[in-house]
Each structure stands twice: as C-alpha cells, then as structure tokens.
J.: 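One structure, as structure tokens, below. Some questions next.
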Amino acid sequence: MPGVTPTESDTYLCKSYRLPLEDEAYVVDFRPHANMDTTHHMLLFGCNSPASTDDYWDCGAGPCTDKSSIMYAWARNAPPTKLPKGVGFKVGGNSGIKYFVLQVHYGDAKAFQDNHKDCTGVTVQITPDRQPLIAGIYLSMSMDTVIPPGEKAVYSDIACVYEKPTMHPFAYRVHTHQLVALDPNNNLVIFHRSDHVWDENSFDRKFVYQQRGIGPIEESAILVVNPNTSAILQSTGRNLFYLPHGLTVDSDGNFWVTDVALHQVFKLGPNGGAPLLTLGVAFQPGNDKRHFCQPTDVAVDPITGNFFVSDGYCNSRIVQYSPHGMFIMEWGEGEFRKCSRVS
C-alpha cells in the first residue's frame, strides 16, 4: 500500500502493479509485510485488467474488471507460505495475468488514531525459468456450520468431487465470516449466503449484479438456532435473497436485512412469511430516495422505531426512515469512504 490511513473499520483497499515483463514467467516466493494489529487479512490477485488505475481504491467494485485468480493469502500474523521447489504461479505471456492487485482488509480503525501511513504489502519473487509444476489455489467453503457459544472445538466437514488433473496439496488457510445476531430470547439468528459467492465477477463497474441467472438462494436464508443444542427453531427467506449482507434483530424480534446484489433492505416479522417492508428497487443501484447501492446494515431506534440504513459500499451515506419506511433525511455522502455498519 502506498502509505494509506483508513478512517473506518473493515475498510478494503486495493492497489495494482503492472508486471515488469511481458514474457511468460513464474512466481516462486512470497514474503508478507503485515501485522494483525492493523491488517485483518490481505489477498494478492492476478488478472489482465485492474478495476481502477488510481494509486489505490476502495475494493467495493472488486480488484479486477476481468477474471482474476487468487495467488496469495495472508491473515492474522500467519506464517509465510512457502512454495515447494519446482512449483510456481504462471504469469505473463498467455497466462491472462498482466497485473498483480493487492487487496488489504484493514480491521479496527482505532489502530490509525495517530494518523500514521500504512504500507502493508507483500514481496513477490519472479523468475523466467519454467517450473515443472504450476501452483494454484482451490477454494472450499462450508455454508451451514454453526458454532455454538462456549464451544472450544467445532468440526465442519467439507467434501466435493474433483475430476480435474492430479492435484498435490501442500498448504492451506482457514477463514471465517459471520452474519449472526441474537433475538429477544437470546437465540442465534443466522443470515447466510448458501452457495452464493461474492467475488470479482459478481458486479460490473456500475455495481450491477451480473449473476442473476443463478437465481435466488433456494434455502431459507434466515435461521433461528438454539445456542445450546444447535437445533433450528425457525427458518424463513426462501427464494428471496441473492447476496445477504447485514442482519439486525430489533426489540420486537423483527429481522432487518440487506442484500447487496438486490440493492435492497427488508424487514421480516419474527414468525417469517413475506417481507413486512421492502426498500430499494431490485437489481437497480442508485443514490436517490428510492435506490440504494450495496446497502450494508440497518440500525433501529428502540424508542421511536425510526431506522437507519448504511448505504453502503458505493454510496457511503446514512439514510434515515420512519417506522413505515418514509424517507426522513440522509447525510454523509462524500464524507465517508465506505459505510459498512451503522449503530
């Protein structure tokens, strides 16, 4: 990073680098320069066209405009990944990779209260010598694992059928995200994406969702779970969501959720059923009173019932509404780099 100072927690920033050569070459080593006190994780992508030509940019639009490949991942002071001898990531030439794009997820913005400049990054070693084996990263995800409170160990099995050329695993990384809240009875409420993935191919440069053809999540996307037995007490939200993001449960047990693909905000009752309130126009990003652009979260005033929407990854504003969804006011446009949470 070229000396950045994040002002908000959970900020994602990207920086691109043109490969120093045009011919085929191989990346054979990575050396991270990061610390978990400031950096939650970082990813290095390879692609043909970065999402921006700026010195650095907010990664809400993704790291690349074309297909990208993850080449390196680091998180939470993890030790360096060492490629075995004779193994490398193919770049340049006809590989489809002309740029490296570094994505850094900064954690708590309090680490930057002194306004220091951050240069988190990774050193990449490249050689023109052809490597006998080509490196790659294979992603596996579990979308239905529940971690009950107080458990020291929870096992999650992941398996799939693999029918491609022989693969020789030599390292792995684990990573988790949460879309969890508590209802008035202290049950866990989970808002999950099932097999839907938000990656560099999900949106175009105008933030229009590009994967509508896969359809909505068929399973119930909202689950109420007993924290002691892991039993599912209630489920709702079938065939309604595409890319779930924010989840809030108000004092009456209503579920307030956002979907960044739909660019919408929903209120669902504690007993499920059809949404009680829907704001935003499906699949239409915008920044007026009727549109959102990747809204991220909702906060509800327990006294007045007014609610506030953080909007979001591409609008960077807070919008206030009455309990019945009438627009009241907005603020913050142009002042925030990104609004990912409101409280």
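Just so you know, these numbers come straight off a predicted model, no measurement behind them. Just so it is clear, the values below take in all heavy atoms, side chains as well, and ignore hydrogens, waters and symmetry mates.
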J.: Partners of Lys82 by salt bridge (charged side-chain N to carboxylate O under 4.0 Å, His left out), sequence neighbours excluded?
T.: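 Only Asp29 meet the salt bridge (charged side-chain N to carboxylate O under 4.0 Å, His left out) criterion with Lys82.
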J.: Taking all non-hydrogen atoms of both residues into account, name the closest pair between Pro227 and Asn186 and its distance.
T.: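 Here Pro227 and Asn186 meet closest at CG-O, 3.6 Å.
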J.: Quick one about Asp118 and Tyr106 (side-chain donor to acceptor, distance below 3.5 Å, no hydrogens or angles considered), yes or no?
T.: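 The answer is yes; a qualifying pair exists.
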J.: Check whether more than 12 heavy atoms from other residues, nucleotides or ligands sit under 6.0 Å from atom CD1 of Ile232, and answer yes or no.
T.: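 No, CD1 of Ile232 has 12 or fewer neighbouring heavy atoms, counting only those of other groups under 6.0 Å.
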J.: Could you check Trp198, Phe241, Phe203 and say which one makes a ring-ring contact (aromatic ring centres under 6.0 Å, His included) with Tyr209?
T.: Phe203
J.: Any side-chain donor-acceptor pair under 3.5 Å between Thr258 and Thr296?
T.: no
J.: Roughly how far, to the nearest 0.5 Å, is OH of Tyr56 from CG of Asp54?
T.: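 These two atoms lie 9.5 Å from each other.
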J.: Assess, by modelled atom type and distance only, whether the side chains of Thr123 and His33 contain a donor and an acceptor separated by less than 3.5 Å.
T.: yes
J.: Locate the shortest heavy-atom distance separating Gln234 from Phe255; write the atom from each residue and the value.
T.: NE2-CE1, 4.2 Å
J.: Please name all residues satisfying ring-ring contact (aromatic ring centres under 6.0 Å, His included) with Phe100, sequence neighbours left out, ordered by chain then number.
T.: none
J.: Determine whether more than 12 heavy atoms belonging to other residues, nucleotides or ligands lie under 6.0 Å from atom CG of Asp23.
T.: no
J.: Parallel, tilted or perpendicular for Phe308 and Trp331, by the 30°/60° rule?
T.: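 Aromatic pair Phe308/Trp331 classed perpendicular.
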J.: Quick one: list whatever passes salt bridge (charged side-chain N to carboxylate O under 4.0 Å, His left out) with Lys90, sequence neighbours left out.
T.: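 For Lys90 the salt bridge (charged side-chain N to carboxylate O under 4.0 Å, His left out) partners, ignoring immediate neighbours, are Glu24.
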J.: Taking atom types as modelled, is there a side-chain donor on Thr304 or Asp301 under 3.5 Å from an acceptor on the other?
T.: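 Judged by distance alone, the side chains do pair up.
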J.: Give me the one residue out of Phe207, Phe292, Tyr242 that meets ring-ring contact (aromatic ring centres under 6.0 Å, His included) with Phe283.
T.: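 Passing option: Tyr242.
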J.: Of all the heavy-atom pairs spanning Arg317 and Asp288, show the shortest one and how long it is.
T.: NH2-O, 3.0 Å
